[in-house]
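Working notes, structure below.
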2 protein chains.
Amino acid sequence: MESKQTSRRATTVIKAALRDLRIQLALLNHQVGGKLALKDIDLDCLDVLAKHGPMTPSALARQVGLHPATLTGILDRLERGGWITRDRDPADRRSVSIRVLPDRNVEVYRLYRGMNRAMDEICADYTAAELELIAGFLQRSADAGRTSAGKLGQDS
Amino acid sequence: MESKQTSRRATTVIKAALRDLRIQLALLNHQVGGKLALKDIDLDCLDVLAKHGPMTPSALARQVGLHPATLTGILDRLERGGWITRDRDPADRRSVSIRVLPDRNVEVYRLYRGMNRAMDEICADYTAAELELIAGFLQRSADAGRTSAGKLGQDS
DNA sequence: CCATATATTACGATTCCCATATTATATGAC
DNA sequence: GTCATATAATATGGGAATCGTAATATATGG
């Protein structure tokens, strides 16, 4: 029974690969942002908004771990660039709903096209069952990241 | 033969999970940095240095997609905080070697401990063969990210 | 030895981030 | 209904970060 040791080794490799992946995706994000005159955090916000749908500045600030006042500046920048709109909620006129505008987002998509195709090629080498296994692993990892980040963000 | 369609669906899920994972890892990084009075990019630099070993400012600037002058400010900050040292290369006295100091890096490790354990738990649910499959996928994805980012960074 | 190239850093202008204060609106007690 | 309090977002100002350009130090080739 040496698969125990194999598992341990593979787990170590996975963690290292995950660290590398984080860096590479962050760098890719940075390069994409550079082409669009956007800061890294701007694209993060757009990504969260795209995934989550319209949300308020406070909620978004919590999601990305920033001070609300900081987000005001970011939203000003995104609004000026035509990336988002800010609409007051009629039900609670203190509240604002941030919505992503579709037009400019095709530019982001185009810049990510290279990575998108590379991922298609990688995935083509796996069976459907394997892909589902990987998908599950990635979702669980993302959730683990969410939980860990949440705990750290709690105090302060 | 409907596994074709299953594959297509799983690939889409993988891409979405990867986007989510990127955001969560970026946020985790941000929270860790907050505890240590470090900027996001500072931890990125430390990570690259830890992985790659000692390197010059120019090389590191290329790795993280920053202007060399920007890196000077980052290195000043890291040096002031006792995270790194800068040593002149005796062979080429224009060149500088950046080295990570081990002492403070245990603090980073401690802050990542929660995520580390969560990953152990996740990995415990897979066989050795499955873990190796996942490890390979992650490495290939990281490489794809590196290639894509490199292409975007080329022009400009 | 000199001209050119390279590695890093200094400097200055612009922009960003965030703590605090401010404005507008909602909610609950009475 | 009125007032006190709480909440959402933003304005403001100070300190810090980023980056283009210039400066400094060193290397290399003729």
Side-chain angles (χ1 to χ4, degrees), chain A residues 26-27 29-46 48-49 52 54-81 83-99 153 156, chain B residues 26-27 29-46 49 52 54-81 83-99 153 155-156:
Chain A
L27 176 55
N29 201 51
H30 180 75
Q31 306 288 22
V32 168
K35 302 271 185 195
L36 300 169
L38 290 178
K39 303 283 161 192
D40 294 7
I41 191 66
D42 299 1
L43 280 169
D44 290 349
C45 289
L46 289 174
V48 170
L49 282 166
H52 183 282
M55 59 199 304
T56 68
S58 332
L60 182 52
R62 267 193 305 278
Q63 288 283 323
V64 296
L66 289 179
H67 194 283
T70 305
L71 212 82
T72 297
I74 294 170
L75 294 178
D76 288 348
R77 193 162 56 231
L78 289 174
E79 196 173 31
R80 230 183 303 121
W83 295 96
I84 59 156
T85 55
R86 287 195 264 206
D87 304 306
R88 287 230 167 253
D89 179 355
D92 183 345
R93 293 187 41 72
R94 294 168 306 179
S95 189
V96 164
S97 180
I98 311 163
R99 183 187 318 278
S156 173
Chain B
L27 177 54
N29 200 52
H30 180 74
Q31 306 288 23
V32 169
K35 303 272 185 194
L36 300 169
L38 290 178
K39 302 283 162 193
D40 294 7
I41 190 66
D42 299 0
L43 280 168
D44 291 350
C45 289
L46 289 175
L49 282 167
H52 182 283
M55 58 198 304
T56 68
S58 333
L60 181 53
R62 268 193 306 278
Q63 288 284 323
V64 297
L66 290 179
H67 193 282
T70 306
L71 211 80
T72 297
I74 294 170
L75 294 179
D76 289 347
R77 193 164 53 236
L78 289 175
E79 198 174 29
R80 229 182 304 122
W83 295 96
I84 59 157
T85 55
R86 287 195 266 204
D87 304 306
R88 287 232 166 250
D89 179 355
D92 182 347
R93 293 188 41 73
R94 295 169 304 180
S95 189
V96 165
S97 179
I98 311 163
R99 181 187 318 278
D155 32 67
S156 172

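Throughout, protein chains are lettered first and strands after them, A, B, ... in sequence-line order, and every chain is numbered starting at 1.
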Just compare dT18(D), dG20(D), dT20(C) and give me whichever is closest to any side-chain atom of Thr70(B). dT18(D)

Euclidean distance, atom NZ of residue Lys39(A) to atom P of dA17(D) [Å, nearest integer]: 14 Å

Which residue, His30(A) or Ser95(A), contacts DNA chain D at a nucleotide closer to its 5' end, judged by nearest heavy atom? Ser95(A)

Between dT10(D), dT9(C), dC19(D), which one does the side chain of Leu66(B) approach most closely? dC19(D)

Once you apply a heavy-atom cut-off of 4.0 Å, does Leu71(A) come out as touching a base, just sugar-phosphate, or nothing? nothing

To the nearest Å, how far apart are Arg80(B) CZ and dT9(C) P? 14 Å

Working to the nearest 0.5 Å, report the span between CG of Asp87(A) and CZ of Arg99(A). 5.5 Å

If you find the nucleotide of DNA chain C closest to His67(A) and the one closest to Arg94(A), which residue's nucleotide is nearer the 5' end? His67(A)

Calculate, to the nearest 0.5 Å, the distance between atoms CG and CD1 belonging to Leu49(A) and Ile84(A) respectively. 7.0 Å

With nearest nucleotide decided by heavy atoms, which residue, Gly65(B) or Ala91(B), maps closer to the 5′ end of DNA chain D? Gly65(B)

Which value, rounded to the nearest 0.5 Å, describes the distance between Leu27(B) atom CG and Arg62(A) atom CZ? 12.5 Å

Calculate the interatomic distance between Arg77(A) atom CZ and dT10(D) atom P; express it in whole Å. 14 Å

dA7(C) C1' sits how many Å from Arg62(B) CZ, rounded? 11 Å

Which nucleotide in dT18(D), dT21(D), dT20(C) has an atom nearest any side-chain atom of Ile41(B): dT18(D)

Atom-to-atom span, CZ of Arg88(B) to C1' of dT9(C) - whole angstrom: 9 Å

Whole-Å gap separating C1' (dA26(C)) and CG (Asp89(A)): 12 Å

In whole angstroms, how far is the C1' atom of dT9(C) from the CD1 atom of Ile98(B)? 13 Å

Give the rounded distance in Å between these two atoms: CD1 of Ile74(B) and P of dT9(C). 12 Å

Does Thr56(B) reach the side chain of Val96(B), with side-chain heavy atoms less than 4.5 Å apart? no

Answer yes or no: is there a side-chain heavy-atom contact under 4.5 Å between Pro57(B) and Leu71(B)? yes

Tell me which nucleotide among dC18(C), dA26(C), dA27(D) gets nearest to the side chain of Asp92(A). dA26(C)

